[in-house]
Structure formats: C-alpha cells, structure tokens
Amino acid sequence: MKFSYITEKKQLENIIPILKAEKYLYLDTEVAVKNFKNIDFFSDKVRLIQIGTEKDIFVIDIFKIGKENINILKPILEEKGLIGHNLKFDIKFLKTNFDIFPKIVFDTMIASQIISEGKDTKHSLLAVSKREADLDLDKSQQKSPWHLTDLLEEQIKYAANDIEALRQIFPSLKEKLNQMKTPHKATGETKEIFGVENPVAAVEFTFIPNLALIELKGMPIDKNLLDKMLKQLSSEYQSLYIDFFRKYGIDPFSPQKVANWLTNKLKLKLPKTEKGSISSQDKYLRKYENKPEVQKLIEIRTKKKLLDKVKELNEYITPDLEDENTGRIRSLYRQIGAPTGRMSSSKPNLQNIPPVLRKLFRPAKNYSMIVADYSQIELRIAAEYTKDQVMINAFKQGLDLHRFTASLITGKDYEDITKEERQMAKAINFGLIYGISPRSLMEYASSSYGVEISLKEAQIFHEKFFEHYKGFKKWHEETKEKLKNHREIEVVSLLGRRMKVMKFTDAVNYPIQATGSDMLKMAVNFFGKLKKDLDAYIVNLVHDEIIVEAKEDIKEEAKAILEESMKKAGEILLKNVPIKYEIEIVTNWSEK
DNA sequence: TACGGTAGCTCG
DNA sequence: GTACGAGCTACCGTAC
C-alpha cells in the first residue's frame, strides 16, 4: 500500500489539484481523545485527516501543518462526495475543529446495516472489511496516543490502512445496496455522485450530516429548574423512604423482600415472573391500590424513578455559552438503532423522558421552541400498507379512528360511543399493528387502558374487527400463510427498507414501524435542505416527533418550513391516506 | 470487584 | 403460540 504523509503546508497545497479532479473521496480521521469513555467533540483534537482517491492515500497531520492551514480543504470536503465508516463521528469533529461540514456522503457502516436487513450483525470497520472483502484489518492502533508530537511509523501506516479498507469494501456494499429490490429508485446527489439507486440508502446517507448537527446542537434545558427539581425530589423521596421503612420494616427496593411481604403479610395474589419468582410489578399491584401499604409502595417507586431520571439528566448537562441559565444535553443517537430503522438515543436517552419532566426542556434566551409530531401515524401507515378501504375512508373523512372502530364493533352510532368503548377500540387498533391475539388483547386492555373484558369478549372484538377491516384480514392471513411455508420471510417498508423476520408479530409490525422511521428521517432531510441559513436547529427526535429551537424573530418562518418538510415526507410515502400533524410554538417541551 | 442476565419502568 | 421497538437502573448470581 502506497501513501503520502503530509506534514507541510506546501505539500498540502500540492495535492489539492489531485483531490479536485475526483468525484468522490475516501475519508477517515484520527482524533487525540482524552477519554475514550467520554469523547468530547468540542475539546478533543483531530490529529490526522486521511483522504484517498482510487490511486493515492494522503495522511494529513494537522498538528504538523497547523489547524489554521486546513481551510484549503474546506471546499473540497464540503462539495465532493465522501466515503467513510461511521461518518457522523468524522463530520462532528470536522465541524467543531475546522468548521468544515460535509454533506454528500456514502457511509459504509450504514450501508452494511441496510443490507443486513435487520439481522443481528456486527458493523465495525473490522467486521465489515472481513465480510465484504475478506480483509483482516488490524485495529491495534485505534486507541494509541494520537497526541504524540512525532507519530510512530505504525500509527501513520494504520491511518492509511483504514482508507485502503474503505476502498475494498465500497464497491461490494454499493453493489448490494443497488441489488436490493425497492419500490422505486433513488434520485439526487447520492445517485449522481456514488451511483446509489437504493432509496433507503439515499435517505440514510443524506440524514447523516443532519444527525451530526442535532448531536452537536444539543437539547436546551433549564438549569435552575433542574436544580430545584433535583433538590425537591430528593427530599420528598428521602422522607417517603424513611416513613416506609419505619412503618413496615421493609426495604421497598428489594424485589424479593417486597414480594414475600406482599404475599405473606398482606395476602396479595401475585403472578410469577418468567424465571419463577414472585412479580410485584405496578400493573399487578394496581388492583390492590386501596391498601395503604400498596399505595405507599407505588408512590415511592414513582418518586424514585423521577428522581433517578433527573439525576441522569443532571450528569450530562453542559453549559450553553450564550445563556448562563440554560444547559445543553448532547445525547448520542444510533441512526439505525432498531431493525426497523428507528433511531435510539443514549447518554442520556432523550426518547423516554416522562411528560412531567419535559417542562425542564426550554429554549435558550432569545430562542423559541417548536414541537411537531405526526398524529396516529402508524395507523395511517397501516391503512395505506394494507389498502384497507374502510380505514382509508375513515381517515379521509377526518374521523376519530378509535371512535370509528368502536362504532363498527359495537354496531352503535359513531356519536353514541362511550369513553370506555373508545378506550377498548384504541386497545384493539393498537393491538392490530402489533399482531394481536385475543388473549393478549384482554391483558393489554386491562393493564394499559383499564378496561376489563373476558377472553370470550376479546375473541368477539377480535373477530368483529377483521369482519369490518377486510384489508387487514387479508394481510394477516397472507402473512401467516407465508410464515407457514417459510421459516424466514422478508417484509418491506413503503420506502423500500427490507427486513427479515421469523415471527408473525414482527412480520406485521416491522413494515409499519419502519415506514414511520423512513418518514421522520425524510422530514428531517427536507428541513435541513429548506431551512438554508435560518437560525433554527433540530434539538431532539422521538420517533414521530421533531423538536426545533429557533431564534425568536424567525420562529414563524422556521415553523412553516418544518411543517412543509413533514407534509412533503408524509405525502411521498402515503398516497391514499391523508397525513395529520400537530405543530406548535411553545415555551417548553411539555406544552402541547 | 467486575460482568452479564433479568426484571421493571420510561418513551414511541 | 408469541402483541412491536429502544435505553437505564437495580439486583443478583457467577467468575476472578
């Protein structure tokens, strides 16, 4: 493998024409990370930028050349296509260290995830190189000291070698993406630059720089309120704990002791867990809520959960440089965190914040917050997916679908449906997109909606449902038939994301959930493109919800663009069902 | 003392 | 026959 080690400004200038002649480049970076457990994208320094063409590899030493002389690369890295592995990482560092922000990318990690079709496969550069090119990549220098004044020969060679690996895996990954059967072909930059025709890959690749920006921006949080809440919850929790222990002599957080105490002393009948121990889940305790012991137990658990979540948020708070009352929480997102293409969020998880804590999140001074979400998106997708005419018509007429389902099942007029009947229908509607069985419907209706029905009744509701929604019936029957004949089948989202499944419940749920995640990512991409240089940034994404922080004086403009983005994404995927969304300018996340 | 699995709970 | 996905904490048994 031949490569050039670039350590002087003059050398860098000399390679510019070579890079300019290319349509796309291979890219990797090495960063001098102080703490690998907690990578700091703002203070850790980029040491090397490796750029490859099909012929050359240049290992550019930033420390030797000087950060201020890297500007010459900016137009190249921002305008050329870039091929790399987990480019969100590199893009974040290029942005913070050099204000370089690439936009046109082919990511070999994301490509590998897409072609894996949801199977549990490893996607490190090491694993992908082995799989796609039978290459045994040496990763021993990954965490070597990249801050050394003079890098070791093996470090420089290692850096160049990653580019060689990218070169070898790119053609095979591209070929596999293009060979996947999809409902339509991609157009746009990803197609023009890299020749990628797979529409899922096009959406995912375009999404990468947008997600990098979301992570860098971070969710704004009210520092003073957080502090206040932390103190208040702590003291409330402590007194609850002390009271509980004094009264009952039991540690409320020892599952075994609590379970024994509840069954022996209080004579509660509780179900077993999977491993055979006694379960004291809140949902089983709910029917004993009239007992003060049970009530206290639930109360103390609830308080502790809130306290823990606030503590967790508090650990990740960093200052907002322009507003001393605001902190910023920069979560990490896994772009394809679930087999369906849904994202996941961690450190901290900003996708499972309870409503009572959402008021902590509010925009920085002189900024507004815009919260938008798709309404009943999965049911709308399911209607489109199954082409169920009855459900499509209900949506077209703008009916409340839960109420409508209730009227179909009970035979009563739409207007006469009671609250309880609507709740029951809601359980059925949701159960439907998860591949319901009558037994689980019964349990679900009870634990989630507080509606008690017998198994017999659940069976009747189940039948009635399919009697009216014939499109669903057909879809479920066909899916069951396919699974009878094949151990594993493929399902596909409306964009063309393919997933292998073995279980009926996965087979009916995955394509719906996947289409929802396609839609959200497309909406984010449109927003990134349409907003231009408006001071408006997405600060969190929660499956069907987008949260934007926008400068106060342009909030209406930002809101209009966000709305247009969500509408466009929705209308591309749903041709027969209208989409609906809520969008509002708020002072904090909990207003809606 | 560190690690991994399980249970329980939060969100969509 | 099974309701879908994720992350985080605490507990608890096992390995060192």
Side-chain angles (χ1 to χ4, degrees), chain A residues 118 251-259 270-285 297-298 301-313 315-316 331-358 373-379 381-382 427-449 458 462 465 476 480 483-484 491 499 501-517 519-520 540-547 589:
Chain A
D251 174 1
F253 295 102
S254 168
Q256 284 184 351
K257 283 180 185 140
V258 167
L270 292 171
K272 297 271 171 73
T273 66
E274 253 176 53
K275 273 188 89 189
S277 44
I278 300 160
S279 171
S280 69
Q281 275 188 62
D282 281 4
K283 64 174 178 185
Y284 302 128
L285 296 182
L297 183 60
I298 291 176
R301 281 178 174 176
T302 309
K303 193 70 75 183
K304 175 122 191 327
K305 274 175 287 189
L306 279 184
L307 175 61
D308 283 348
K309 191 72 200 182
V310 173
K311 276 188 187 164
E312 188 196 341
L313 291 175
E315 283 195 26
Y316 290 98
S331 166
L332 298 174
Y333 297 84
R334 275 182 65 199
Q335 184 167 329
I336 299 179
T340 54
R342 266 199 184 180
M343 278 183 283
S344 66
S345 152
S346 61
K347 293 175 143 192
N349 183 352
L350 288 182
Q351 294 181 326
N352 71 346
I353 307 291
V356 288
L357 296 187
R358 293 190 178 198
D373 69 332
Y374 285 111
S375 312
Q376 308 116 24
I377 192 60
E378 295 204 332
L379 283 168
I381 291 167
I428 299 174
N429 282 337
F430 276 103
L432 194 81
I433 44 184
Y434 298 140
I436 199 165
S437 72
R439 172 165 296 277
S440 39
L441 169 62
M442 177 181 72
E443 283 165 16
Y444 182 64
S446 162
S447 67
S448 295
Y449 294 97
H462 194 257
F465 183 94
H476 277 204
K480 276 187 181 142
L483 274 167
K484 226 181 248 171
V491 294
M499 295 147 285
V501 297
M502 300 175 78
K503 281 161 50 204
F504 172 73
T505 48
D506 290 347
V508 292
N509 180 256
Y510 278 22
I512 309 304
Q513 194 180 110
T515 303
S517 91
M519 195 181 292
L520 193 80
N540 194 12
L541 297 169
V542 195
H543 311 308
D544 62 359
E545 182 176 9
I546 301 177
I547 298 131
W589 190 15

Measuring to OP1 and OP2 of [N], would you say a side-chain N or O of [X] lies under 4.0 angstrom away?
X	N	value
A/K503	C/dT2	no
A/T340	C/dG5	no
A/R358	B/dC11	no
A/Q281	B/dC9	yes
A/R342	B/dG12	no
A/Y510	C/dG5	yes

Five-pair end axes of the helix from B/dT1-C/dA15 to B/dG12-C/dC4, angle between them (10°):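 If I round to tens, the end axes sit 0° apart.
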How close do [X] and [Y] get, heavy atom to heavy atom, and via which atoms?
X	Y	value
A/A507	A/P511	O-CD, 3.2 Å
A/S331	A/S346	OG-O, 3.2 Å
A/E545	A/R358	OE1-NH1, 3.7 Å

Side chains of [X] and [Y], heavy atoms from C-beta outward: is any pair under 4.5 Å?
X	Y	value
A/K309	A/N352	yes
A/I353	A/W589	yes
A/I546	A/D373	no

Quick one: which of [options] gets closest to the side chain of [X]?
X	options	value
A/R439	B/dT10, C/dT2, B/dG12	C/dT2
A/T505	B/dC11, B/dC9, C/dC4	C/dC4
A/R334	C/dG7, B/dG12, C/dT2	C/dG7
A/P354	C/dG7, B/dT10, B/dG12	B/dT10
A/H543	B/dG12, B/dT10, C/dG7	B/dG12

Sugar-phosphate only, base, or nothing, as touched by A/A427 at under 4.0 Å among non-hydrogen atoms: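 Result for A/A427 = base.
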Sugar-phosphate only, base, or nothing, as touched by A/I436 at under 4.0 Å among non-hydrogen atoms: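 Answer is base: heavy atoms of A/I436 come under 4.0 Å of a base.
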In whole angstrom, give the distance that lies between atom [atom1] of [X] and atom [atom2] of [N].
X	N	atom1	atom2	result
A/L357	B/dC9	CG	P	17 Å
A/D544	C/dC4	CG	C1'	14 Å
A/N509	C/dA6	CG	C1'	13 Å
A/L307	B/dC9	CG	P	17 Å

Between the main-chain N or O of [Y] and the side-chain N or O of [X], is there a donor-acceptor pair closer than 3.5 Å?
X	Y	result
A/T340	A/S517	no
A/T505	A/Y434	no
A/N540	A/L350	yes

For nucleotides 8-11 of chain C, which of its nitrogen or oxygen atoms have a protein nitrogen or oxygen under 3.5 Å away, and what is each distance?
{"unit_1": "C/dC8", "atom_1": "OP1", "unit_2": "A/K347", "atom_2": "N", "d": "2.8"}

Pi-cation contact, A/Y316 with A/K347 (under 6.0 Å, within 45°):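 No; the conditions do not both hold, so A/K347 does not lie above the ring face of A/Y316.
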